[in-house]
Amino acid sequence: MSTASELVLAQSAHISAIWLGAGKRVQILEQFHECAQRRGITLSVCAVESSQFVPIARFCDVVPGPKFSDEKFGDFLIALIRERQANLILPFMDSATVALSKMSERIRVETGAIPMVSDAALCRVMEDKLLADGWFSRYDVAKPPLDRYPMLLKPRLGFAARDHHIAHSPEERRRIESARPTDYFFAQSIVQGPEYTIDAYVGPEGHRGHSIRRRWVVVGGEVEQSEIVDNHAISALVERVCSVMGWFGPITLQVIQEEDGSLSMIEINPRFGGGATHSIAAGLPIIDWVFDDVLGCAPTKFPGLMRNRLMTRYRKDVYHDPGH
């Protein structure tokens, strides 16, 4: 439980957040506002996007900005933080984690805002699937082999299952790779078994907690049906990975468990995943933890999850009227 002084602090607090690349993350925005209202926090959110015509634009201010990889992005973000008097910066895309982590210290020194992002080295490694594979080997994290067919070829810097291909032979692999620039693809053997996503949070003191979601239906790399489950082997792996120095904030891990029970880490994203809303709705206080670390409160207690809670999704149209 929070102390009386912490409750007073929270109830008089204002959090001005800048989200990077949130795009269509409307529901998690709603969950942030619900958590803020419950805690008596005044919350404002501004999203930096490549275009104003994204779903989240109907629910918060959107500021078009340069690409996160653009050399002008740093000065742009510092100016926006000052203009908005922001005290929290959150990335929602891999490229945003890399850009934000590179300027994390500058943001803290020049503005006092908190960039909720892991170390630059970790963000850079996890954005590149080839480098991530090497990191998994270095920290003895089991992952799919690289020498067995069929193989999945995916862009090293890709996301959302875009431009994925399956090669059943070396000849087919060479044909697929020849259609793209050298070193564009990362190839690994396909492993069979249930897929799990883990939503975790690492605070300044270390790993605070996580939720495991069994992915039942995935469309275009995004989960559409999932279930909250227990899995002691996965929990042990997550705790070990999260004990590595450098993580900070929300972490999303993807794991496949094969028939013999062995685990293969597919990827780690140092940011909120698209299905984190399910874990939040099942009781993972990850938004509370974000607020705690911005406000300097003791971490919210984690009483446990609503096991076997299912999530299904549906599409909702958002309309924009340019010029109005």
Side-chain angles (χ1 to χ4, degrees), residues 94 97 118-119 121-161 164-168 170 173 183 185-202 206-216 218 221-223 226-276 279 284 305:
D94 295 335
T97 68
S118 298
D119 283 354
L122 278 173
C123 291
R124 174 68 186 95
V125 164
M126 295 308 162
E127 182 193 31
D128 187 320
K129 293 172 177 59
L130 178 61
L131 298 181
D133 184 83
W135 189 93
F136 296 155
S137 296
R138 186 160 59 253
Y139 285 94
D140 196 27
V141 176
K143 35 80 171 182
L146 306 179
D147 57 357
R148 189 178 70 207
Y149 287 88
M151 304 190 84
L152 177 64
L153 279 66
K154 48 190 177 181
R156 288 176 56 175
L157 302 179
F159 59 95
H164 282 199
H165 302 267
I166 296 176
H168 294 87
R173 176 180 175 179
D183 294 330
F185 284 115
F186 169 68
Q188 62 185 177
S189 303
I190 294 176
V191 293
Q192 301 291 341
E195 296 184 32
Y196 297 90
T197 295
I198 302 92
D199 300 304
Y201 189 89
V202 179
H207 172 248
R208 283 188 193 158
H210 63 268
S211 169
I212 302 171
R213 294 184 279 115
R214 168 77 183 270
R215 290 152 60 97
W216 288 105
V218 180
E222 290 279 347
V223 65
S226 58
E227 178 183 5
I228 303 295
V229 299
D230 270 328
N231 188 304
H232 297 302
I234 292 178
S235 287
L237 175 61
V238 170
E239 290 172 6
R240 183 162 66 84
V241 169
C242 288
S243 70
V244 176
M245 295 295 292
W247 301 112
F248 177 51
I251 313 293
T252 306
L253 307 92
Q254 302 282 352
V255 173
I256 291 179
Q257 187 164 38
E258 299 185 70
E259 288 185 2
D260 63 1
S262 61
L263 302 174
S264 287
M265 184 71 72
I266 304 301
E267 64 179 334
I268 301 175
N269 303 120
R271 55 172 173 78
F272 277 110
S279 293
L284 186 70
L305 295 164

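Here the structure is a predicted model, which means the values were calculated and not measured.
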Margin query: Run the side chain to side chain contact (heavy atoms under 4.5 Å, CB included) test on Ile228 and Arg213 for me, step by step, so that the C-alpha distance in whole Å, both residues' side-chain angles and the decisive distance to 0.1 Å come before the verdict.
Written below: CA-CA 5 Å; Ile228 303 295; Arg213 294 184 279 115; 3.7 Å; yes
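Interatomic distance, Gln188 CD to Lys154 NZ, rounded to the nearest 0.5 Å: 4.0 Å. From Thr197, atom OG1 reaches atom CZ of Arg215 across 4.0 Å, with rounding to the nearest 0.5 Å. The CE atom of Met245 sits 8.0 Å away from atom CG of Asp119, with the distance rounded to the nearest 0.5 Å. Residue Trp247 holds its CH2 atom at 14.5 Å from OH of Tyr201, rounded to the nearest 0.5 Å. Distance check, rounded to the nearest 0.5 Å: OH of Tyr196 to CD1 of Ile266 gives 13.0 Å. Atom CD1 in Ile234 sits 5.0 Å away from atom CD1 in Ile198 (nearest 0.5 Å).
Counted by atom type alone, Ser243 and His207 present zero donor-acceptor pairs between their side chains at under 3.5 Å. Side-chain atoms of Asn231 and Gln257 include a donor-acceptor pair closer than 3.5 Å.
Smallest separation of non-hydrogen atoms from Asp133 and Pro144: OD1-O, 4.4 Å. A pairwise comparison of heavy atoms in Ser189 and Met151 identifies N-CE, 3.9 Å as the closest pair. Taking all atoms of both residues into account, the shortest heavy-atom contact from Lys129 to Pro155 is CD-O, 3.4 Å. In plain terms, the two heavy atoms of Val238 and Ala200 that are nearest each other are CG1-CB, 4.3 Å. Across Pro270 and Ile251, no two heavy atoms sit closer than the pair CA-CD1, 4.0 Å. Residue Cys123 comes nearest to Ser118 through the heavy atom pair SG-O, 3.6 Å, listed as atom of the first residue, atom of the second, then distance.
With a 4.5 Å cut-off on side-chain heavy atoms, Trp135 and Val244 count as touching. The shortest distance between side-chain heavy atoms of His164 and Leu152 falls below 4.5 Å. In this structure, the side chains of Val191 and Pro145 come closer than 4.5 Å at one or more pairs of heavy atoms. For the pair Met265/Leu263, no side-chain contact is recorded, criterion being any heavy-atom separation below 4.5 Å from C-beta on. Looking at heavy atoms from C-beta onward, Asp199 lies out of side-chain contact with Pro250 at the 4.5 angstrom threshold.
Just one residue in the list Val241, Thr252, Val255 forms a side chain to side chain contact (heavy atoms under 4.5 Å, CB included) with Ile268, and that residue is Val241. Screening Asp128, Leu131, Leu146, Leu157 for a side chain to side chain contact (heavy atoms under 4.5 Å, CB included) with Phe186, the sole residue that qualifies is Leu146.
With hydrogens and angles ignored, the 3.5 Å screen pairs a side-chain donor or acceptor of Asp260 with a backbone N or O of Ser262. Judged by distance alone, the side chain of Ser211 and the main-chain N or O of Ser279 form no donor-acceptor pair under 3.5 Å. Checking side-chain atoms of Arg271 against main-chain N and O of Thr97 turns up no donor-acceptor pair under 3.5 Å. Using a distance-only test at 3.5 Å, with no hydrogens or angles considered, no donor-acceptor pair links the side chain of Ser264 to the main chain of Ala142.
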